[in-house]
Amino acid sequence: MNRPVLGARSRAFLKSLAHPLAPVVQVGAEGISPEVVRATSIALEDHELIKVKLGQNFPGERVEAAEELAAQTGSAAVQVIGRVVVLYRRRSREDPKRPRIELPRR
């Protein structure tokens, strides 16, 4: 999958959009399983920008988990703050009910 590359301005813009969001996917003790990857990919297709909560029992490193999840879903890891990972992936199809997030120009 082709992962988006984010510049500093785009990353800052996405962080500001992510601030009020609640996590939509939770990773537990089983780690990044195929089910978690599937749920994350579906959430990204629906929302483009999501938060993923790494539970208290999550066994791995937070930054490594963010990168692994981003790689497996074709998304960009925007931010890791505490046990929350922010991911972004542009929606693959147009949806008139939900406009796409427009990143700032470079």
Side-chain angles (χ1 to χ4, degrees):
M1 248 183 229
N2 204 9
R3 291 175 60 187
V5 178
L6 300 175
R9 289 181 72 207
S10 295
R11 192 172 301 276
F13 175 71
L14 290 171
K15 284 178 185 180
S16 71
L17 290 179
H19 184 73
L21 299 178
V24 293
V25 177
Q26 178 145 355
V27 182
E30 71 282 350
I32 299 174
S33 64
E35 293 79 19
V36 168
V37 172
R38 194 172 320 110
T40 303
S41 193
I42 291 168
L44 282 164
E45 189 61 31
D46 288 345
H47 303 287
E48 292 187 318
L49 185 67
I50 65 167
K51 284 183 177 177
V52 177
K53 174 83 170 164
L54 302 175
Q56 293 296 329
N57 297 329
F58 178 73
E61 288 293 316
R62 298 168 303 145
V63 175
E64 290 172 11
E67 284 304 316
E68 182 181 343
L69 202 50
Q72 290 190 36
T73 59
S75 61
V78 175
Q79 179 180 36
V80 178
I81 186 160
R83 294 190 152 276
V84 176
V85 175
V86 179
L87 298 174
Y88 166 77
R89 183 180 76 197
R90 189 171 173 84
R91 192 176 295 119
S92 63
R93 61 186 167 15
E94 288 293 331
D95 185 346
K97 295 178 191 134
R98 293 179 297 205
R100 284 186 168 156
I101 294 172
E102 292 299 326
L103 297 177
R105 297 272 176 222
R106 294 179 191 228

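Positions are given from 1, in the same order as the sequence printed here.
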Test of understanding: clusters of I, L, V, M, F, W, Y form through side-chain heavy atoms closer than 4.5 Å, transitively. Do V84 and I50 belong to the same one?
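Different hydrophobic clusters.
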Under 4.5 Å between any side-chain heavy atoms of [X] and [Y], yes or no?
| X | Y | answer |
| --- | --- | --- |
| V52 | L69 | yes |
| L6 | L103 | yes |
| V36 | V25 | yes |
| E102 | R90 | yes |
| Y88 | L17 | no |
| L54 | V80 | no |
| E45 | R91 | yes |
| R11 | Q79 | no |

Sequence neighbours excluded, which residues qualify as side chain to side chain donor-acceptor pair (under 3.5 Å) partners of E35?
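Partners of E35 by the side chain to side chain donor-acceptor pair (under 3.5 Å) criterion, ordered by chain and then number, come out as S33.
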Using the test side chain to side chain donor-acceptor pair (under 3.5 Å), find all partners of S16 that sit at least two apart in sequence or belong to another chain.
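In terms of side chain to side chain donor-acceptor pair (under 3.5 Å), with neighbours along the sequence ignored, S16 is linked to no residue.
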Looking only at atom types and distance, does a side-chain atom of [X] sit under 3.5 Å from a main-chain N or O of [Y], one as donor and one as acceptor?
| X | Y | value |
| --- | --- | --- |
| R83 | K53 | no |
| R9 | P104 | no |
| K51 | P20 | no |
| Q72 | V37 | no |
| R100 | E48 | no |

Quick one: closest heavy-atom pair of [X] and [Y], and the distance?
| X | Y | answer |
| --- | --- | --- |
| G74 | R89 | O-CD, 3.4 Å |
| P59 | A29 | CD-O, 3.6 Å |
| A70 | L87 | CB-CD2, 4.1 Å |
| T73 | S41 | CG2-N, 4.1 Å |

Which pairs, with at least one residue in residues 55-79 and sequence neighbours excluded, count as a salt bridge (charged side-chain N to carboxylate O under 4.0 Å, His left out)?
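Every pair satisfying salt bridge (charged side-chain N to carboxylate O under 4.0 Å, His left out) with a residue in residues 55-79: R3-E67.
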Given side-chain contact (heavy atoms from CB on, under 4.5 Å), test V86 with L49 step by step and report yes or no.
CA-CA 7 Å; V86 179; L49 185 67; 3.7 Å; yes
How about I81: does its CD1 atom have over 12 heavy atoms from other parts shown lying under 6.0 Å from it?
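No - once you tally the heavy atoms of other residues, nucleotides and ligands closer than 6.0 Å, there are 12 at most.
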To the nearest 0.5 Å, tell me how far I42 CD1 sits from H47 NE2.
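Rounded to the nearest 0.5 Å, the CD1-NE2 separation comes out at 10.5 Å.
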